[in-house]
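A quick write-up on the structure given underneath.
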Amino acid sequence: NAGVTQTPKFRILKIGQSMTLQCTQDMNHNYMYWYRQDPGMGLKLIYYSVGAGITDKGEVPNGYNVSRSTTEDFPLRLELAAPSQTSVYFCASRSGISATGELFFGEGSRLTVL
Amino acid sequence: GNSVTQMEGPVTLSEEAFLTINCTYTATGYPSLFWYVQYPGEGLQLLLKATKADDKGSNKGFEATYRKETTSFHLEKGSVQVSDSAVYFCALSVRDNDMRFGAGTRLTVKP
């Protein structure tokens, strides 16, 4: 039972470098999300997608991009890494039937930008 | 806008003590309310939820009641164990494309 899988688990970047965080889910969920978790700040929504080909901004989208070419995959792209993007990133999915459904989370990706 | 405010931690308790973590919310419409738990090195997982006023969610000895009159969803457990040490997040969802989280409360239970 894989659920939501994120890679890599850890990554160190230099300022200005680019990278992609991968996220895959095998539950056939329509809705997928990227959150960042900063200490004492809870989770902030970066981007979300309601289905293949459809994405939209969340609370903190600046500095990030996403795509959704398939139901399963929802990668998050950092184009020019900055120290402010040091955080733990979580991908999540939801069936999307209603607001009563729970989110299923990946194990997280810890990114450090130096 | 929609938001959640939860009790700041950290909270340290002895085993078998009573736990309360306060959570209040602000929302337009009729939110569903959730408690998620995050164990060290893991992602968040659902602990319990309630989808309408006066509903009680429960799981693993934890309970929370959806109180519309006080806009609250406080988490309680009668007797905590060392294994309950984790970070607990209150959350709400009004639309199926969004879920808002509180800042999290770190609980440490000592033997």
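Keep in mind it's a predicted model, so treat the numbers as computed, not measured. Hydrogens, waters and symmetry mates are skipped; everything else that's a heavy atom, side chains included, is used.
Neither the backbone nor the side chain of B/Arg106 comes within contact range of chain A, judged by heavy atoms closer than 4.5 Å. Heavy atoms closer than 4.5 Å to chain B are found in the side chain of A/Gln37, but not in its backbone. With a threshold of 4.5 angstrom between heavy atoms, B/Glu8 does not approach chain A through any atom at all. Looking at A/Tyr35, only its side chain comes within 4.5 Å of chain B, counting heavy atoms on both sides. Contact of B/Tyr30 with chain A is not made at all, since no heavy-atom distance falls under 4.5 Å.
Annotation: side chain of B/Gln45 is not in contact with side chain of A/Glu102 (no heavy-atom distance under 4.5 Å). Side chains of A/Phe90 and B/Gln38 form a contact here, defined as non-hydrogen atoms less than 4.5 Å apart. You'll find the side chain of A/Leu103 stays beyond 4.5 Å of the side chain of B/Leu46, heavy atoms only.
Shortest non-hydrogen contact noted between A/Arg94 and B/Ser93 is NH2-OG, 3.0 Å.
Comparing A/Lys9, A/Glu59, A/Lys44, A/Arg110 by how many heavy-atom pairs each has under 4.5 Å with chain B, the most go to A/Glu59.
Hydrophobic clustering (ILVMFWY, side-chain heavy atoms < 4.5 Å, transitive): B/Val4 and B/Val11 are in one cluster. The cluster map of Ile, Leu, Val, Met, Phe, Trp and Tyr, joined by side-chain heavy atoms under 4.5 Å apart, puts B/Phe34 and A/Tyr31 in the same cluster. Follow the hydrophobic side-chain contacts under 4.5 Å out from B/Met7 and you reach B/Leu47 in the same cluster. B/Phe89 and B/Val80 are assigned to two separate hydrophobic clusters, defined by single-linkage of ILVMFWY side chains at heavy-atom distances under 4.5 Å.
Going from atom OH of B/Tyr36 over to atom CZ of A/Phe105 covers 5.5 Å, rounded to the nearest 0.5 Å.
Residue-environment remark: CD (B/Glu16) stays at or below the threshold of 12 foreign heavy atoms within 6.0 Å. Under a cut-off of 6.0 angstrom, the local environment of CD1 in A/Ile12 is sparse, with at most 12 non-hydrogen atoms contributed by other residues, nucleotides or ligands.
Here B/Lys56 pairs with B/Glu63, B/Thr65 under the side chain to side chain contact (heavy atoms under 4.5 Å, CB included) rule; sequence neighbours left out. Residues meeting the side-chain hydrogen bond (donor to acceptor under 3.5 Å, both in side chains) test with B/Ser32, sequence neighbours left out: none.
Counting only distance, with no hydrogens or angles, the side chain of A/Tyr33 and the backbone of B/Met99 share no donor-acceptor pair below 3.5 Å.
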